[in-house]
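In what follows, chains are A, B, ... by sequence order, proteins preceding strands, each numbered from 1.
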Amino acid sequence: MLDINEIRKNSSGVITILAKRGEDFSDKIGQIKKMDSLWRSDLLEMEEIRREKNTVSEEIGKLKREGTDTSEIIAQMQEVSLREKEIKKKVDETRAAIDREMLMLPNLPEDSVTAGNKIVREEGEKKKYDFEVLPHWEAGKILKIIDFEKAAVLSGSQFPLLCGEGALLERALISFMLDVHIEQHGYLEIMPPYLVREESMIGSGQFPKFSEESYVTVKDGLSLIPTAEVPLVNMVRETILSADELPLKYTAFTSCFRREAGSYGQDTKGLIRNHQFNKVELVNITTREDSSRAHSELLAESEKILKLLQLPYRVLELGSDDMGFAAAKTYDLEVWMPGEKKWREVSSCSNCLDFQARRINARYRTAEGEINYAHTLNSSGLAVGRIFAAIVENFQTGEINVKIPEVLQPYMKGRKIIKRPDSTG
RNA sequence: GGAGGGAUGGCCGAGCGGCUUAAGGCGACGGUUUCGAAAACCGUUGUGUCCUUUGGGCACCGUAGGUUCAAAUCCUACUCCCUCCGCCA
């Protein structure tokens, strides 16, 4: 949520910055501003009435104790009380309308962020192949480690089903990623719930705007998490942290669930865009002074996984028109897929500044006793299914076997290669 | 799913509808004392919001309504936690 003071003080500035997202918010901001000044004048009136009520009520108590007749003054106060009720209703309604609108406004992109994605750098080397690398879904089928037909029978299209060494590879990747973040980057591992309340989805910014994207249970109205960012960020809901315990660094492996409404027909093959996928997520909660440093660190931590897996990738700085709702600045990591011959996003590393913290009321107290909103950051560390696909393509051999990257071998019971079941060698 | 019990400040814990702007204790912080410390004593001790901001007002006792001139206190609904029974990985 944006700071309403910014809209009061400099609404045209807010409109200009939001316009970088490619949407015109001038009507909405104007409306909010109008409602806000109405709210404030009504609030003033209501508080004046309450002040009168409080003093007179106290007076009545005294008079009654003295045995004085108070029926006249009570009759007067009945009128006042009625008036208070009316104006309170109006104040509450206006406030609710303001909040509704405020929740629909996306975060302000940072000054440095402009339209259009920028390639920051490329890391690792694309291997040369003296054969045609198959896309992972074809190789996966031959290797009998992915079975989309079975998945479709169970759940419909765009669900993954891994078997045998495929399932083992997925599990190995999860353990490997978690271990790196826990042991080398100082993260606390969390296993959060996959079903969360509506407030949690609002808190991290998925709701109310993107409710179409989520699976919601019929009886209890709980949402399946689209990312572990949701439970991890909400861990500090309604808390005042102490500055010296920051940054908090949380990591979690979870499955993620997305309806992908409106993206039918895109990436229909393979593990790239599924309704359910696995991800290891990183979330940092920190101070406003520290968040920029934390952002670079987070990016490096996500990159570390790609480096260790020896996958070629590039770093993108996302343009203001392409960033997520809650983000002020975002880097994407894209891995090279030699089978598809495409760069594919495997991590999105965002600084949300105090945008989410305002929604969940997460604050910290400085050594001087000042209370500020915390800053929240998140990064995929990484999207497991897409890395699975990247390995199947990047480490493919001419015989359509898949070599296991060295760092993963201990997690694969020492296996060095996944061989096609019909191979002779 | 059924039956009970509960929710008050950082924590514990009082609180017959008006003398509660929430008692008392613990903790924390500051001070007195001391060579220093402990103890003792004294003091301070939440969050938010609005305004005409050296100041003032309003709100907050799980949440939302209601009754009343007046609600932590009475009524209704809900949420969460605990105990037990049943079912269950």
Go through [options] for me and flag the one nearest to the [X] side chain.
X: Arg50(A); options: rC69(B), rG48(B), rA59(B); result: rA59(B)
X: Lys53(A); options: rA70(B), rC50(B), rG48(B); result: rA70(B)
X: Arg51(A); options: rU47(B), rG65(B), rG57(B); result: rG57(B)
X: Leu44(A); options: rU79(B), rC69(B), rC51(B); result: rC51(B)
X: Ile240(A); options: rA70(B), rU47(B), rC80(B); result: rU47(B)
X: Arg365(A); options: rG65(B), rC50(B), rU47(B); result: rU47(B)
X: Ile60(A); options: rC50(B), rG18(B), rU47(B); result: rG18(B)
X: Ser57(A); options: rC58(B), rC50(B), rA70(B); result: rA70(B)

Under 4.0 Å between a side-chain N or O of [X] and OP1 or OP2 of [N]?
X: Arg8(A); N: rC50(B); answer: yes
X: Asn54(A); N: rC58(B); answer: yes
X: Ser81(A); N: rU68(B); answer: no

Pair assignment for [N], Watson-Crick or G-U wobble, requiring both distances under 3.5 Å:
N: rU79(B); result: rA7(B)
N: rC60(B); result: rG46(B)
N: rC84(B); result: rG2(B)
N: rU73(B); result: none
N: rA89(B); result: none
N: rU52(B); result: none
N: rU32(B); result: rA40(B)
N: rC19(B); result: none

Pair Tyr364(A), Asp244(A): side-chain N/O donor-acceptor within cut-off below 3.5 Å: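 Result is no, nothing qualifies.
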For atom [atom1], what is the distance between [N] and [M], given to the nearest Å?
N: rG6(B); M: rA72(B); atom1: C1'; result: 15 Å
N: rC11(B); M: rA23(B); atom1: P; result: 16 Å
N: rU76(B); M: rG5(B); atom1: P; result: 14 Å
N: rU83(B); M: rG27(B); atom1: P; result: 29 Å
N: rC75(B); M: rG1(B); atom1: P; result: 26 Å
N: rU8(B); M: rA3(B); atom1: C1'; result: 27 Å

Should the side chain of Glu47(A) and the base of rG57(B) be counted as holding a donor-acceptor pair, with the cut-off at 3.5 Å?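 Answer yes: a donor N or O sits under 3.5 Å from an acceptor.
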Send over the distance from Met46(A) CE to rA59(B) C1', rounded to a whole Å.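 Rounded to the whole Å, the gap is 8 Å.
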Take atom CZ of Arg95(A) and atom C1' of rC58(B), then tell me their distance rounded to the nearest Å.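 The distance from CZ of Arg95(A) to C1' of rC58(B) comes to 15 Å, rounded to the nearest Å.
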Between [Y] and [X], does any NZ, NE, NH1 or NH2 come within less than 4.0 Å of an OD or OE carboxylate oxygen?
X: Lys89(A); Y: Glu86(A); result: no
X: Lys249(A); Y: Glu297(A); result: yes
X: Arg288(A); Y: Asp354(A); result: no
X: Glu281(A); Y: Lys279(A); result: yes

Which residue, Arg273(A), Gln158(A), Lys342(A), forms the side chain to side chain donor-acceptor pair (under 3.5 Å) with Asp267(A)?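 Of the listed options, the one satisfying the test is Arg273(A).
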